[in-house]
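The chains referred to below are lettered A, B, ... by the order of the sequence lines, with proteins before strands, and numbering in each begins at 1.
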2 protein chains.
Amino acid sequence: MAINLELVPKQKRPAGERCCEPVVYPDIERRQAERMAEVARALGDPVRLQLVDVLRQHAGSVCVCELVPLFEISQPTVSHHLKVLREAGIVGSERRGLWAYYYVLPDALKELSTWLS
Amino acid sequence: MAINLELVPKQKRPAGERCCEPVVYPDIERRQAERMAEVARALGDPVRLQLVDVLRQHAGSVCVCELVPLFEISQPTVSHHLKVLREAGIVGSERRGLWAYYYVLPDALKELSTWLS
DNA sequence: GCTCCAGATTGATCGCCATCAATATACGTA
DNA sequence: TACGTATATTGATGGCGATCAATCTGGAGC
């Protein structure tokens, strides 16, 4: 988890032989890696990935009561997945009367998407 | 996990009122969601994300002995993370003499990257 | 053969996560 | 006020994952 940012790792080698070019280091910083990993972890469940997929298809927001019957899991579990996505900053929610509506936050996936491409 | 693919979920509603447009369904299929979630889960750890980042900076492959000292975790743990990445189809490995070299598989991240952008 | 070294595997521990049933909360309606 | 309905939260459980120390494997060199 914690990164050793010394760029020139000291390491004994068999004399006269090396395995590769010696200096190698991450281009991204630890904090950025932690942010992107948090987003990736939130997407690392098929249900959550499909929830995000559904929300991304809709310009506006989608009612939870539409989301629950799409999956063969209980309503509390869907609610839990939506909470994970919200805490990862991927979706937002809004309450209107009895119903709750979720939507994708526009820039949420940008950093990870840029790094991936 | 398992998706109910009925596209028109039946659900009782208060008479004369609806919460939103009624038909909503995932655009991606369950298998595709599971594949992409597997890749996302593999990227959902800061160490693995930085391992992939290092490997992506190098056209060729990188020796494990260069990767281990970049992190403040033990060699077996680095080996474990590399195994997770290999089993997710993100990296490949090759042995040359005493050393092991890892490299990013070129198309591994393409599906997730395309979906994200 | 034996020894040293790089890396992988094993076994154990600890904490987190996905899931559900049950309950709570909050809102609309009569 | 009381009741029903939509969603969130709680508590419990089973399983998975991150980590390490210890060990194993296999190649290089003597």
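Between the CZ atom of A/R96 and the C1' atom of D/dT5 there is a distance of 18 Å, rounded to whole Å. Atom-to-atom, CZ of B/R41 to P of D/dG15 comes out at 17 Å; the value is rounded to the nearest Å. Between the CZ atom of A/F71 and the P atom of C/dA18 there is a distance of 14 Å, given to the nearest Å. Between the CZ atom of A/R95 and the P atom of C/dA26 there is a distance of 9 Å, rounded to whole Å. Here the C1' atom of nucleotide C/dT19 and the CG atom of A/L82 are 15 Å apart, to the nearest Å. Atom-to-atom, CD of B/E94 to P of C/dA8 comes out at 13 Å; the value is rounded to the nearest Å. B/L43 has its CG atom 14 Å from the P atom of D/dG17, to the nearest Å. Taking atom CD of B/E66 as the reference point, atom P of C/dA6 lies 12 Å away to the nearest angstrom.
Comparing A/G44 and B/V78, the nucleotide of DNA chain C nearest to each residue sits closer to the 5' end for B/V78.
Regarding contacts with the backbone of C/dA18, every side-chain N or O of A/T77 stays at 4.0 angstrom or more from both OP1 and OP2. Proximity of B/Y102 to the phosphate of C/dA8: a side-chain N or O atom is located under 4.0 Å from OP1 or OP2. An OP1 or OP2 oxygen of D/dC20 is reached within less than 4.0 angstrom by a side-chain nitrogen or oxygen of B/S74.
The two atoms that bring A/R48 and A/A42 nearest to each other are NE-O, 2.7 Å, heavy atoms only.
Taking 4.5 Å as the limit, some side-chain heavy atom of B/L116 sits within range of a side-chain heavy atom of A/L43. Counting heavy atoms from C-beta on, the side chains of B/W115 and A/R56 come closer than 4.5 Å.
Which of C/dA18, D/dT9, C/dA26 sits closest to the side chain of A/K83 comes down to D/dT9. Candidate nucleotides C/dC5, D/dA18, D/dA8 were compared by shortest atom distance to the side chain of A/S79, and D/dA8 ranks first. When distances are taken from the side chain of A/W99 to each of C/dC17, D/dA6, C/dG7, the shortest belongs to D/dA6. Distance from the side chain of A/R48 is smallest for C/dA18 among the nucleotides D/dC20, D/dA18, C/dA18. In this structure, the nucleotide among C/dT19, D/dA8, C/dA6 sitting nearest to the side chain of B/L98 is C/dA6. Proximity note for A/H80 (side chain, C-beta onward) versus D/dA18, C/dA18, D/dT7: the nearest is C/dA18.
Note: B/T114 OG1 to B/L109 CG = 10.5 Å, rounded to the nearest 0.5 Å. Rounding to the nearest 0.5 angstrom, the gap separating the CG atom in A/L51 from the NE2 atom in A/H81 is 7.5 Å.
Scanning atom types as modelled, one donor and one acceptor separated by under 3.5 angstrom connect the side chain of A/Q75 and the base of D/dA8.
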